[in-house]
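Numbers restart at 1 for each chain; the letters A, B, ... are given by sequence-line order, proteins then strands.
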There are 2 protein chains.
Amino acid sequence: MATIDDVAKRAGVATSTVSYVLSGKRRISAATRAKVQAAVAELGYHPHAGARALASARTNVLALMVPLPLTPGTKALRPDIDVNVLMQFVAGIAPRARALGYDVLLVTDDDPSATERVWAGSTADAIIAMSVQAEDPRIEALSRARTPAILIGLPDDPHGLSCVDFDFESAGRLAIRHLAAHGHRRIAMVGPPSVTFERRMSFAERMVRGLSEQSAAAGAQFSIAPTAARRDAVATALAPVLDGPDRATALVVHHEAALPSVLDVLRERQLRLPQDISVIAVCPPSIAEQQAAPLSSIDVPAQSIGATAVEMAVAALRGEGAPETRLVRAELTDRASTSAPLA
Amino acid sequence: MATIDDVAKRAGVATSTVSYVLSGKRRISAATRAKVQAAVAELGYHPHAGARALASARTNVLALMVPLPLTPGTKALRPDIDVNVLMQFVAGIAPRARALGYDVLLVTDDDPSATERVWAGSTADAIIAMSVQAEDPRIEALSRARTPAILIGLPDDPHGLSCVDFDFESAGRLAIRHLAAHGHRRIAMVGPPSVTFERRMSFAERMVRGLSEQSAAAGAQFSIAPTAARRDAVATALAPVLDGPDRATALVVHHEAALPSVLDVLRERQLRLPQDISVIAVCPPSIAEQQAAPLSSIDVPAQSIGATAVEMAVAALRGEGAPETRLVRAELTDRASTSAPLA
DNA sequence: TTGAAAGCGCTAACAT
DNA sequence: ATGTTAGCGCTTTCAA
């Protein structure tokens, strides 16, 4: 492989000149720059990432800590994690990182020590952590890091770290306000399985808080149906909510993987949307679009949140901006799966 | 940060001794090893990844090239790519890589030049490319690379590179054999949208080949219904297949994102599974399990294929094994969504 | 506007 | 069984 010295020799300039042409950190005459660029092109030169990292103390890598739902060969199962949703964030993160000159390192160890491995080994310039829990053991480790860290999620105590996330609490309030305005007084959330709450996943808690507080304010009865995604589990979880005279007249579904099953169960029960029951989905737009019926939804702009996380990380690396928490406000798109209740 | 020299000083040994203790490339007495390990622990030492890469010419990083379906700010839309399926592979790749001592670099540029950036810059030791097309511009670039490359998929010409994938062709044959044995003579595939075929995605072509050749052999009539995942698109695509006296009596669905819509359309048409119509899904098991109905399926073992890709990459790095193509044989799990046709 | 040279932290000969 | 040391390829002072 060609080295920077090869380029320098070929262009007839000093090594440092090549470096400066490449980094733009020095004014270089047009003539010299042209010679260097020609040599670079002719040799197909690409700087050695490791050498650059060693000399400059910068890797141009962003570490992305993403727990996976099932990690083969490990005891750590995380059925509380939805890959499909995670990927929506990644789809926002990776391209933005690239655009800003960073590569993305995927770290799937669900383990505070992985954090240390990454920053202490100068493996990445900054860390973005996903699937944050209200009390997340990784946060303390990240707050120690020499490296900026951004959390996607909102823990009880961010330990001074920056956070970005969707404002699930306001989303919950918004959903209830919308339904209450239509006259609904018995509302249920179809939510992730109880393990998600046991893990104290940040998004789930905030959603419930928004829903229940606003329900109280609106004088509406509110209940939660946590469930796995499988069709039979959903049917079972929905039974208490949909049976009896006090059955819910509206559902807020905050469980993207369960959406197909929910719609199927409703259909089987001959409940038409929105005449017989109102439904609001809370999920990334691309997931809402894949459903069997058009759904009124509160879009979780996962991609743009991911991109924002990258921007915050890069800003921190530039020494710009203090630690902050950014919550993206919720908006509701009415797609006719909500209306006034029958009774 | 502590350096290897700090550790050496603290342990009272030479720098190289520390290096050898860490790498295990030399016999070290138990006493010395203990001293070094103590010093490492006390200082919280982690080797500098860049320095190590520079000195050893190895990064311990695997690059994963994954085109994303929509890359914000780019013209390159790839609606032919299903993130959910991609992630199943990643879920197999990342943990296996970690177990073998590698980190995973996510490269989402859908661009042959990204390939060069990665290997020419000594950014990764090996490259795994996903979403391979029959004629993929990345392959030629990869075959030039100084770095081993593994393709997940099977192009027309692998240019000497190793490939791993599910044997979609045998999956197609298996599906038809199963259905034909039940007496079906009119079978349709519900497949990815036509853009997927225009892209000549490797998996789609092989699937169709298996299905159509075996249909011919079995004397069955075979048709293809390519469709987007959205409910209305699926309904439209299924119409010609399900209407009329010559309608298909069995469907092979090879389009994971469309599965919910397909099941919904069938239900709306009052077609019961399996009495009125047989259905076989071809998808990763975790996706089959999320559907509204239990489906007979041919499981695409995406995770294990991902893990295999990693193992092949690492083997290549060790100089073991020649380039090869590994196709994982298909098996069918009968979950009672198939039976004999009515007529 | 450009050059020369001293490291960055590690590995792997080459010694002993 | 351990120590010494010359690079690996780059960035960045310090000089000119």
Which value, rounded to the nearest 0.5 Å, describes the distance between A:Met1 atom CE and B:Ser122 atom OG?
8.0 Å
Reckon A:Ser122 touches a base, only the sugar-phosphate, or nothing at all at heavy-atom distances under 4.0 Å?
nothing
Please examine the side chains of A:Asp165 and A:Leu151, heavy atoms only from C-beta on, and report whether any two atoms are closer than 4.5 Å.
no
List the residues meeting side chain to side chain donor-acceptor pair (under 3.5 Å) with B:Glu42, not counting sequence neighbours, and say none if there are none.
B:Arg10
Does a side-chain heavy-atom distance below 4.5 Å link B:Arg78 with B:Leu68?
no
Is there a residue in residues 34-44 of chain B whose heavy atoms reach under 4.0 Å of DNA chain C, and which residues are they?
none
Go through DNA chain D in 5' to 3' direction and return only the first and the last nucleotide with some atom under 4.0 Å of chain B's heavy atoms.
D:dA1 to D:dG9
Donor-acceptor check, side chain of A:His159 to backbone of A:Asp157, threshold 3.5 angstrom: yes or no?
yes
Would you classify A:Gly12 as touching base, sugar-phosphate or nothing, given that sugar-phosphate means primed atoms plus P, OP1 and OP2, and contacts are heavy atoms under 4.0 Å?
sugar-phosphate
Gap between atom CD of B:Gln37 and atom OG1 of B:Thr32 - 0.5 Å precision
10.5 Å
Is any side-chain heavy atom of A:Val107 closer than 4.5 Å to a side-chain heavy atom of A:Val118?
yes
Compute the bend angle of the helix from C:dT1-D:dA16 to C:dT16-D:dA1 from the end axes (five pairs per end), rounded to 10°.
30°
Going by heavy atoms in the side chains, are A:Leu142 and A:Ile127 under 4.5 Å from each other?
yes
How about B:Arg146: does its CZ atom have over 12 heavy atoms from other parts shown lying under 6.0 Å from it?
yes
Contact check, side chains of B:Leu154 and B:Phe203, non-hydrogen atoms, under 4.5 Å
no
Value for CD1 (A:Ile305) from CE (A:Met130), rounded to nearest 0.5 Å, stands at 10.0 Å
Per the salt bridge (charged side-chain N to carboxylate O under 4.0 Å, His left out) rule, what does the pair list look like for residues 111-136 of chain A, sequence neighbours excluded?
A:Arg58-A:Asp125, A:Arg117-B:Asp103, A:Glu135-A:Arg200, A:Asp136-A:Arg138
Take nucleotides 9-16 of chain C nucleotide by nucleotide from the 5' end and write B, S or -, depending on whether a protein heavy atom sits under 4.0 Å from the base, only from the sugar-phosphate, or from neither.
BBBBBBB-
Could you state the interatomic distance from CE (A:Met65) to CG (A:Leu105), rounded to the nearest 0.5 Å?
9.0 Å
